[in-house]
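Atoms within a ligand are numbered from 1 in the order they appear, just like the ligands themselves. We use all heavy atoms of the structure for the numbers below, so side chains are in, but hydrogens, waters and symmetry mates are not.
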Amino acid sequence: MLYTMKQLLEIANKENFAIPAPNIQNELTARAVIEAAEKMNSPLIIDIAFPIHPDIVFLGEMTRRLAEESPMPIAINLDHGGSRWADFDLCLKEVMPCIRAGFTSIMVDRSSLPYKENVSHVQMMTKIAHAMGISVEAELGHVGDGEKYDDKSDMVLTDPGEARSFIEETGVDCLAVSIGTAHGQYKGKPYLDFDRLEKIKTATDNFPLVLHGGSGTGEENLRKASRMGINKVNVGTDLFKASLNAVRTADLDGGKIYDIWQVINDSWRDELIRWIELLGCAGKAPEYLAADTVQKRRIHYMV
Ligand code: 13P
């Protein structure tokens, strides 16, 4: 059942847990993450990034159909929308097809640009997305690349005061913050600035917050972050690693070669189940699906 990300994060924020946002690549991984949510009776945010598929509209429409057929509350989010382009028009060109494909949320990632441009681009995009009835995530500060974690040359930590004004000026529904995580594999040991997280949560009056670069961050860090105000955690690399490991160790000789997709499906699903438990959202689906709220929460697209 489709929900916007705002709807999903509202309850997570009120009850102090986080929802995992696995990056999917294709039909197989879309089915695997929905299977994990169904097994755990959990809400789910499916993240789809632009460059991972030759036809994101096709992938979005297919994922939307699978999500609609599932009894779990699911949002479909464009991950890092427009981040490759400094130009606003190119960013818009990337985001609009996803809105048409039925994504229920978009991330407008202008975090590489100066504060003022980040604000003005996100503000314009939020106006469009909200008119279509979908949610917006943006990023302030910049979550860098794990490969550069030893010198942190591409990481900019989020300033709590700026976070407050950014939210007020742009009207976004949730904010990705930079508190020490990085995308991909860490070169070095991840250190999370929980003091900063606490200050951001307070300065923003308890606004829904997002953590990128979940993989390799460590269970203790993630458990703590999800109880301290992080409400969505993005995860990609750890899912790939689990499947790579499973394929490497599976007995796929001879006729068993046909089992390869099942091995990938099951390992992707089981790794996500670990994240659902870790972030505290196992068994939370019924709260979203309470009979009296279903009609109010269902989305009717204008596009
Ligand atoms: P990881 O691959 O490090 O989990 O990061 C995923 C992510 O943040 C996608 O936006």
May I ask you to identify the nearest protein heavy atom to atom 4 (O) of ligand 1, giving residue, atom name and distance to one decimal place in Å? S215 OG, 2.6 Å
Would you kindly say whether D270 and S267 are connected by a side-chain donor-acceptor distance under 3.5 Å? no
Based purely on interatomic distance, does V235 place a nitrogen or oxygen under 3.5 Å from a nitrogen or oxygen of ligand 1? no
Greater than 12 external heavy atoms within 6.0 Å of R65's CZ: no
Calculate, to the nearest 0.5 Å, the distance between atoms CG and CG belonging to D87 and L92 respectively. 10.0 Å
Any nitrogen or oxygen of H212 lying under 3.5 Å from a nitrogen or oxygen in ligand 1? Just yes or no. yes
protein heavy-atom neighbour closest to atom 3 (O) of ligand 1 works out as G184 N, 2.9 Å
Which ligand 1 atoms does N234 reach within 4.0 Å, using its non-hydrogen atoms? 4 (O), 7 (C), 8 (O), 9 (C), 10 (O)
Side chains of H212 and N234: any donor to acceptor distance under 3.5 Å? yes
So the atoms of ligand 1 within less than 4.0 Å of a heavy atom of G236 turn out to be 1 (P), 2 (O), 4 (O), 6 (C)
Any donor-acceptor N or O pair under 3.5 Å, side chains S178, H142: no
Side chain or backbone of D47 under 4.0 Å from ligand 1, or both, or neither, by non-hydrogen atoms? neither
For atom 10 (O) of ligand 1, grab the closest protein heavy atom and report residue, atom and distance to one decimal in Å. D79 OD2, 2.7 Å
Which ligand 1 atoms, with their elements, are less than 4.0 angstrom from a heavy-atom of H80? 10 (O)
To the nearest 0.1 Å, how far is atom 2 (O) of ligand 1 from its closest protein heavy atom, and which atom is that? T237 OG1, 2.6 Å
Can a donor-acceptor pair be found between the side chains of N13 and K201 at a distance below 3.5 Å? yes
Do N23 and V235 have side chains that get closer than 4.5 Å, going by heavy atoms? no
Just by distance, no angles: are the side chains of Y115 and E169 close enough, under 3.5 Å, to form a donor-acceptor pair? yes
Here the atoms of ligand 1 under 4.0 Å from any heavy atom belonging to N23 are 6 (C), 7 (C), 9 (C)
Provide, to 0.1 Å, the distance between atom 5 (O) of ligand 1 and the closest protein heavy atom, together with that atom's residue and name. G213 CA, 3.4 Å
